[in-house]
Enquirer: 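Below is a structure I'd like to ask you about.
Protein chains get the first letters and strands the later ones, always in sequence-line order, with residue 1 at the start of each.
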Protein chains: 2
Amino acid sequence: MTRELKALAGIKLFEGLPKAQLESLVEITLLKQVKVGETLFEAGQPGTHFYAVVSGKVRVYRSAPSGKEQILNVFGAGESFAEVPVFEGKTYPASAQALEDSVLVSIARKGFVDVLRREPELALGVMALLSGRLRAFVTQIAQLSLKEVPERLAGYLLLLRAAQNTDALTLDLPKGQIAAYLGTIPETLSRALKKLTDQGLIETSGNRVRVIDAEALAHLAEAGR
Amino acid sequence: MTRELKALAGIKLFEGLPKAQLESLVEITLLKQVKVGETLFEAGQPGTHFYAVVSGKVRVYRSAPSGKEQILNVFGAGESFAEVPVFEGKTYPASAQALEDSVLVSIARKGFVDVLRREPELALGVMALLSGRLRAFVTQIAQLSLKEVPERLAGYLLLLRAAQNTDALTLDLPKGQIAAYLGTIPETLSRALKKLTDQGLIETSGNRVRVIDAEALAHLAEAGR
DNA sequence: ACCCTGGTTTGACTTTAGTCATGGAACGCG
DNA sequence: CGCGTTCCATGACTAAAGTCAAACCAGGGT
């Protein structure tokens, strides 16, 4: 049981939760190992558990019949996902797949709701988490609808730059996945990178990108359609 | 004070809330009258209140510098909105504007959080509400990224059809607003309506649309890019 | 060292949707 | 009863991004 407890303790959402409650969560927790490419669940399936990443990386996405995919989120260690069906008791709104070999915990809906009733602070934490997700989606919707690909790319690079705190970025995902996150396809992403390079805003080599002119990037990212 | 209480009682989110708690909410509630076109708040402003619609209609949207707008949601009587900054304590992620003369209530963040601590069932209701919103956004993102305008339109018409429970639909918004909701512009919406009409799926006259071939519409809405 | 594979880039082309401009229909107001 | 404002439809054009196909490159395994 100790492994489960340690796994739960590493989840951001559960920071500050009294040990007693953590232990009661252990009882409804399952550790899960998945390999790269493995699908955790598909959009439309009934969802009775939610997940958190102990180690590894998972992407949440929707796909069209044609095969094109739109990534909604990428989750790493300490992050939880697939909360929606817990509170709605319906289906998963999107699909999830491991981007790397990963260790996950899955937590049953029912028991979790009980803990929420007893722990208002955790409940507030969940609300804040969901709100943050909403904010991110609002941004993503606005980007998809109001901005063109190079502008979305500029915004993404600036986010990476802020996260990595350097101008010498390492792309955190393969380019095809970044394309799917930006709502486009690899060919178009490739051309957008070329365009930014030609304009002297960045330099690229492999999965590394150097930000040359952050201000111009920011200005570009601001622009609207 | 009675008017405030009656207004609060009509909000879906507060259904089933004990009277005592409703009354404690009254103290942090403000009734607000707005005229058509009036802006309630703009994306980026610090948000310390959330709102509910007593009567009228409000749209929540993001706009690009160019003037193009993307509608995220349209709220009618009984619905609440702008919860995000309550739980995150930051800015409004989008702007809100009255589509009709409306009566709203605004509820202060701080007091509301206190009530949430005392009322786990309300807290669960909020989580369900936020989850439903997330689900809707996931759908919207998928539509924007994976479907073309006529397909999005088909999906929208089917939703209207389900809501109005008839094949003889009345558009609930001016077409320009529907365009902004679908992530396009009026001209393109106009052409999409024509296309569906030419294909014999619908007939239109003014703000009325008759669904002729619901099955074909559904099939179209399924299609992906 | 070689081959295979998957990811990436590039080019030519097509399609979709946005832009701009114009005209028409409907509604409200004097 | 007209007048104007707003909304909507249409046409001609442009621009953005997707499709298809081919070449390229890099790494892992043999």
Side-chain angles (χ1 to χ4, degrees), chain A residues 36-37 59 63-71 97 99-101 143-154 170-199 202-209 220 223-225, chain B residues 35-37 59 63-71 99-101 143-154 170-199 202-209 220 223-225:
Chain A
V36 198
R59 69 176 184 137
S63 31
S66 68
K68 191 187 169 188
E69 295 178 341
Q70 171 65 47
I71 293 181
Q97 182 189 37
L99 285 174
E100 308 172 352
D101 291 347
Q143 298 255 331
L144 284 172
S145 175
L146 304 175
K147 308 216 195 258
E148 306 181 347
V149 172
E151 297 163 357
R152 288 179 234 159
L153 172 59
T170 304
L171 298 180
D172 51 349
L173 295 172
K175 288 183 184 170
Q177 298 301 312
I178 293 178
Y181 179 75
L182 295 178
T184 188
I185 56 175
E187 290 96 321
T188 300
L189 173 62
S190 181
R191 291 184 238 265
L193 279 166
K194 187 145 176 270
K195 186 173 173 188
L196 297 188
T197 304
D198 290 350
Q199 295 178 350
I202 59 172
E203 285 170 5
T204 75
S205 87
N207 71 341
R208 311 203 123 256
V209 175
L220 181 62
R225 212 195 288 246
Chain B
K35 295 170 315 207
V36 199
R59 69 175 184 136
S63 29
S66 69
K68 192 186 170 191
E69 295 179 342
Q70 172 65 47
I71 292 182
L99 284 174
E100 308 173 353
D101 291 347
Q143 298 255 332
L144 284 172
S145 174
L146 305 176
K147 310 219 193 257
E148 306 181 347
V149 172
E151 297 162 356
R152 288 180 235 161
L153 173 58
T170 304
L171 298 181
D172 52 348
L173 295 173
K175 289 184 183 167
Q177 298 301 310
I178 293 179
Y181 179 75
L182 296 178
T184 186
I185 57 174
E187 291 96 319
T188 299
L189 172 63
S190 181
R191 291 183 239 264
L193 279 166
K194 187 148 177 266
K195 186 173 174 187
L196 297 188
T197 303
D198 289 349
Q199 295 179 349
I202 60 172
E203 286 170 4
T204 74
S205 87
N207 72 340
R208 312 203 122 253
V209 175
L220 180 62
R225 214 193 289 244

Enquirer: Go through C:dT16, C:dT10, D:dT19 for me and flag the one nearest to the A:I185 side chain.
Expert: D:dT19
Enquirer: Does a nitrogen or oxygen in the side chain of A:T188 sit under 4.0 Å from OP1 or OP2 of D:dA17?
Expert: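 No, no such contact exists.
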Enquirer: With respect to the side chain of A:E187, which nucleotide from D:dA9, C:dA17, C:dT9 is positioned closest?
Expert: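 From the listed options, C:dT9 comes nearest.
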Enquirer: Which one, D:dG18, D:dA17, C:dA17, comes nearest to the side chain of A:K68?
Expert: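 Selected nucleotide: D:dG18.
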Enquirer: Using whole Å, what does the distance between atom C1' of nucleotide D:dT10 and atom CG of B:L189 come to?
Expert: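 In whole Å, D:dT10 C1' and B:L189 CG are 14 Å from each other.
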Enquirer: Test B:V149 against B:K195 for side chain to side chain contact (heavy atoms under 4.5 Å, CB included), laying out the working first.
Expert: CA-CA 11 Å; B:V149 172; B:K195 186 173 174 187; over 6 Å; no
Enquirer: Among D:dC8, D:dA17, C:dG18, which nucleotide sits nearest the side chain of B:P174?
Expert: D:dC8
Enquirer: B:V149 side chain: which of C:dA17, C:dG11, D:dA9 is closest?
Expert: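 Of the options given, the side chain of B:V149 lies nearest C:dA17.
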Enquirer: Among the nucleotides D:dG11, C:dT8, D:dC20, which one has an atom lying closest to any side-chain atom of B:R191?
Expert: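 Taking heavy atoms from C-beta onward, the closest nucleotide is D:dG11.
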Enquirer: Side chains of B:L193 and B:K175: does their closest heavy-atom pair fall under 4.5 Å?
Expert: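 Yes - at least one pair of side-chain heavy atoms lies under 4.5 Å apart.
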Enquirer: May I have the distance from A:I178 (atom CD1) to C:dT8 (atom P), rounded to whole angstrom?
Expert: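 Going from A:I178 (CD1) to C:dT8 (P), I get 8 Å.
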Enquirer: Is the side chain of B:Q70 donor-acceptor paired with the backbone N or O of B:Y181 at a distance under 3.5 Å, no angle test?
Expert: yes
Enquirer: Just N and O in the side chain of B:K175: are any of them under 4.0 Å from OP1 or OP2 of D:dA9?
Expert: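 Checking B:K175 against D:dA9: at least one side-chain N or O falls below 4.0 Å of OP1 or OP2.
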Enquirer: Whole angstroms only, please: what is the CG-C1' distance between B:L182 and C:dG18?
Expert: 15 Å
Enquirer: Sort out for me which residue in A:T197, A:D198, A:L196 forms a side-chain contact (heavy atoms from CB on, under 4.5 Å) with A:K194.
Expert: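 Going through the options one by one, the only one that passes is A:D198.
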Enquirer: With respect to the side chain of B:E148, which nucleotide from D:dA16, C:dT9, C:dT16 is positioned closest?
Expert: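 Ranking D:dA16, C:dT9, C:dT16 by closest atom to the B:E148 side chain puts C:dT16 first.
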Enquirer: Over how many whole Å does the gap from A:E151 atom CD to D:dA16 atom P extend?
Expert: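 In whole Å, D:dA16 P lies 9 Å from A:E151 CD.
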Enquirer: Let me know the distance between CG of B:L171 and P of C:dA26, rounded to the nearest Å.
Expert: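 One finds 16 Å between P of C:dA26 and CG of B:L171, rounded.
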Enquirer: Quick one: A:K147 NZ to D:dA17 C1', roughly how many Å, whole number?
Expert: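 Rounded to whole Å, this separation is 18 Å.
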Enquirer: Output the rounded distance in Å from NZ (B:K195) to P (D:dG11).
Expert: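 Checked: the NZ to P distance equals 16 Å.
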Enquirer: Please give, in whole Å, the distance from C:dA25 P to B:R208 CZ?
Expert: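 Distance, rounded to whole Å: 21 Å.
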Enquirer: Just wondering, do B:L182 and B:Q143 contact through their side chains at under 4.5 Å, heavy atoms?
Expert: no
